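Contents: one structure, followed by commentary.
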Amino acid sequence: MKHYAETVAFLGQWGRFQQVVFFLLCASIVANGFGAFTLVFLTDTPRHHCRVPDVNLTEDWRNFTIPFEVRGVILPQVEDVSLTDLEQEGCVDGWVYSTDIYQSTVVSEFDLVCGDEWKQPFTSTVYFVGSLMGSFLSGKLSDRFGRKPVLFVTMALQAVCTFLQSYSNSWLLFTILLFISGLGQVSNYVAGLVLGAEILTGHVRVLYSSLGTCFGFAVGYMMLPVFAYFIRDWRNLLLALAVVGAVYLPFWWLIPESPRWLLSHGRVEEAEAIVRKAAKWNKCQAPMEIFADYCTPLKEKYGVFDLLRTSNIRITTLILSFVAFTITTGYFALCYNTPQLHANPYLSCFISAVTELPAYISCWLALRFWPRRLSLIAALLVGAVSLKENILYLSDLPHLSLSLEMLGKYGLTTASSMMNTATGATGTISRLGSCPFVFLGIYFKFLPYIILGTVSLLAALSTFFMPESFQKPLPETIEQMQNSKRYYFGTFHVVSSLSKVLSF
């Protein structure tokens, strides 16, 4: 029996057909990069103070009447006069928000401050829960209905929900729509990633999975602070995001369904039609019977628990889940921490986005020339060591702290790109870690770095037990996964592997 890549080898790897699929799918992911971190600006808290009666007050009297409050400690605003013990009342007349940075945000629109301050990080958590559901459902839906339908239906769902969010008249409605938008955002990302990885073959598949999709995501991420700088009203920013997402819907007529998925469902004629069309685009001759030597896998139903049924797949699944959990937690925690890196949140977000470009290039080079396991271990160690070291300089040396945090993000972004193909169930597990860290960064300054650095080291260690996939055919069935060779090692192998990692 021939593998799919061998069967369609006559197409070549980089003809017109592959180029169209490659660039259109990469372009479709730009909207994901734009939308994934919009909450950095939508839910940022502007400077604000209690609204006072409409009287003519000087700035000194305003500060005397409304003393600043930081973490529950009232700071005196008038020399030699302590305001801490004076009787205070809540902001009964509402709040006044600064418009120096934002014209309006969700926080200023719905007054998510003081007693409702918890709603601000909770909003981000709701988005991550939606992403969690999307990671789980996208795999099951695309396995049943196809990669292409799920990709475009969830793209439309995300665009529509984003459009409706811009007209939200309450925080509750905004949050519900945000949940659905998060579900669609992750679902179309996963579907697009899998679709391209199944259509493309050889080095182009590696280029797409490790560099193409990630560059598309990074371009969208870099577009976000530019759009947000010029569109400082949260409603208009969401409308711009909805328009960007809707632009890709006409791609339906240019992007084909995955032939691998069609073959796995016994739809050989449809798969052959797509491959013959590709041969026509690439100006090459297709054989009379393309899949004559291709043995269609038996149509069996698999569920998420089949990943835990046998020891080999169970160990791989658990390790992948833990590593994906660590990487995704660290990646999103650092990305959502960008407003704290610099007084200008637009500059902070852009720096964070630009950091991803060298990370993706490093990932592609590593996957192209280095074993997968050692490459992932090296990236995790860079992230772990940088975050651990950052604890020492977080308060005293802000510029060094910023550099170490960006280096840590570089390592985790590189690892995240390497793990791009670990989707579905492992993607669902990975989203679980993103939720609590939204809160931890607000209330415990050092704790996130301690936890992330520690679990990154553990993830690097556990990666030693992963099966190697470098220069090997992509497993297409549960049975092929079961037959994958695992790497068991003794003391000599550990020392040898660590020396290779350190030299890398």
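Here the structure is a predicted model, which means the values were calculated and not measured.
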* Asked: Any side-chain donor paired with an acceptor under 3.5 Å for Tyr360 and Glu356?
  -> yes

* Polar side chain donor-acceptor pair, Tyr127 to Ser181, under 3.5 angstrom -> no

* Structure fact -> Shortest non-hydrogen pair, Ala197 vs Arg205, comes out as O-CD, 3.0 Å

* To do: Give the intermediate values and the outcome of salt bridge (charged side-chain N to carboxylate O under 4.0 Å, His left out) for residues Glu109 and Arg235.
  => CA-CA 10 Å; Glu109 180 80 15; Arg235 295 184 185 273; 3.1 Å; yes

* **Atom pair CG (Leu112) and OG1 (Thr105), whose distance is rounded to the nearest 0.5 Å** => 7.5 Å

* Asked: If you round to the nearest 0.5 Å, how far is CD1 of Ile327 from CG of Leu412?
  -> 7.0 Å

* Do Tyr208 and Cys26 come close enough that some side-chain heavy atom pair is under 4.5 Å? -> yes

* Asked: Just checking, any donor-acceptor pair under 3.5 angstrom between side chains of Asp44 and Gln120?
  -> no

* Would you say the side-chain atoms of Ser104 and Asp233 include a donor-acceptor pair closer than 3.5 Å? -> yes

* Atom of Gly134, atom of Val186 and distance for their closest heavy-atom approach -> C-CG1, 4.2 Å

* Asked: Heavy atoms, side chains only, cut-off 4.5 Å: are Ser142 and Val194 in contact?
  -> no

* Just by modelled atom types, is the Ile255 backbone N or O under 3.5 Å from a matching donor or acceptor in the Lys148 side chain? -> yes

* Using the ring pair (Phe, Tyr, Trp, His ring centres under 6.0 Å) rule, take Phe34 and Phe227 through it: C-alpha gap first, then chi angles, then the decisive distance, then the call. => CA-CA 9 Å; Phe34 192 102; Phe227 273 63; 4.9 Å; yes

* Are Gln158 and Thr162 side-chain neighbours, meaning at least one heavy-atom pair lies under 4.5 Å? -> yes

* To do: Output, in order, the C-alpha distance, side-chain angles, deciding distance and verdict of ring pair (Phe, Tyr, Trp, His ring centres under 6.0 Å) for Tyr102 and Trp234.
  => CA-CA 8 Å; Tyr102 306 104; Trp234 71 275; over 10 Å; no

* Assign the ring pair Phe37 / Phe332 to parallel, tilted or perpendicular, where the plane angle (0 to 90°) is split at 30° and 60°. => tilted

* Assess the side chains of Tyr97 and Asp111: does a donor N or O sit below 3.5 Å from an acceptor N or O? => yes

* Asked: Are the side chain of Thr154 and the backbone of Leu157 linked by a donor-acceptor contact shorter than 3.5 Å?
  -> no

* Are the side chain of Ser98 and the backbone of Asp100 linked by a donor-acceptor contact shorter than 3.5 Å? -> yes

* Asked: Under 3.5 Å, is there a donor-acceptor pair linking the side chains of Trp171 and Thr123?
  -> yes

* Beyond-backbone contact of Val243 with Leu239, side-chain heavy atoms, under 4.5 angstrom -> no

* Leu237 vs Leu42, side chain to side chain contact (heavy atoms under 4.5 Å, CB included): CA-CA, chis, key distance, verdict -> CA-CA 8 Å; Leu237 183 59; Leu42 295 183; 4.1 Å; yes

* His48 side chain vs Pro46 backbone, donor-acceptor pair below 3.5 Å -> yes

* Would you check, one step at a time, whether the test side chain to side chain contact (heavy atoms under 4.5 Å, CB included) holds for Leu183 with Leu137? => CA-CA 9 Å; Leu183 188 152; Leu137 293 176; 4.1 Å; yes

* **From CG (Leu25) to CG (Leu193), nearest 0.5 Å** => 9.5 Å

* Can you check ring pair (Phe, Tyr, Trp, His ring centres under 6.0 Å) on Trp261 and Phe145, steps first, answer last? -> CA-CA 10 Å; Trp261 180 84; Phe145 299 106; 8.9 Å; no

* To do: On the 0 to 90° scale, with breaks at 30° and 60°, tag the Trp281-Phe17 ring pair as parallel, tilted or perpendicular.
  => perpendicular

* Asked: Leu195 and Pro256: which non-hydrogen atoms are nearest, and at how many Å?
  -> CD1-O, 3.7 Å

* Scan Phe350, Tyr336, Tyr346 and name whichever one has a ring-ring contact (aromatic ring centres under 6.0 Å, His included) with Phe41. => Tyr346

* Any sub-3.5 Å donor-acceptor pair from Asn32's side-chain atoms to Phe217's backbone N or O? -> no

* Quick one: NZ on Lys280 to CZ on Arg276, what's the gap to the nearest 0.5 Å? -> 12.5 Å

* Measure from the side-chain N and O atoms of Thr38 to the backbone N and O of Gly35, and report whether any donor-acceptor pair falls under 3.5 Å. => yes

* How many angstroms lie between atom CD1 of Ile29 and atom OH of Tyr248, to the nearest 0.5 angstrom? -> 10.0 Å

* Does the side chain of Glu272 come within less than 4.5 Å of Val268's, by heavy atoms? -> yes

* For Ala459 and Val323, which heavy atoms make the closest approach, and how far apart are they? -> O-CG2, 4.0 Å

* **salt bridge (charged side-chain N to carboxylate O under 4.0 Å, His left out) evaluation trace for Glu198 with Arg147** => CA-CA 10 Å; Glu198 291 183 346; Arg147 318 306 192 197; 2.8 Å; yes

* To do: Report the C-alpha separation of Glu405 and Lys409 in whole Å, then their side-chain angles, then the decisive distance to 0.1 Å, and conclude whether the salt bridge (charged side-chain N to carboxylate O under 4.0 Å, His left out) test is met.
  => CA-CA 6 Å; Glu405 182 158 338; Lys409 183 175 183 294; over 6 Å; no

* To do: Take Ser166 and Asn236, measure what side chain to side chain contact (heavy atoms under 4.5 Å, CB included) needs, and give me the verdict at the end.
  => CA-CA 7 Å; Ser166 65; Asn236 291 331; over 6 Å; no

* Structure fact -> Heavy-atom nearest pair, Gly245 first then Ala31, reads CA-CB, 4.1 Å

* To do: Cation-pi check, Arg232 to Tyr229: give yes when NZ or CZ is under 6.0 Å from the six-membered ring centre and within 45° of the ring axis, no otherwise.
  => yes

* To do: Give, for atom CH2 of Trp118 and atom CG of Asp116, the distance between the pair rounded to the nearest 0.5 Å.
  => 7.0 Å

* To do: Apply the test side chain to side chain contact (heavy atoms under 4.5 Å, CB included) to residues Gln165 and Leu241: give CA-CA distance (whole Å), side-chain angles for both, the deciding distance (0.1 Å), then the verdict.
  => CA-CA 11 Å; Gln165 272 185 285; Leu241 175 57; over 6 Å; no

* Kindly give the heavy-atom pair with the smallest separation between Cys114 and Trp95, and that separation in Å. => SG-NE1, 3.4 Å

* Asked: Does any donor atom in the side chain of Tyr221 or Ser352 lie under 3.5 Å from an acceptor atom in the other side chain?
  -> yes

* **Heavy-atom check, side chain of Tyr410 versus side chain of Ser362, under 4.5 Å** => yes

* Asked: So do the side chains of Thr175 and Phe179 get within less than 4.5 Å of each other, counting heavy atoms only?
  -> no

* Heavy-atom distance under 4.5 Å between the side chains of Asn188 and Ser28, does that happen here? -> no

* Asked: With distance as the sole test, does His203 use its side chain to make a donor-acceptor pair with the main-chain N or O of Gln13 at under 3.5 Å?
  -> no

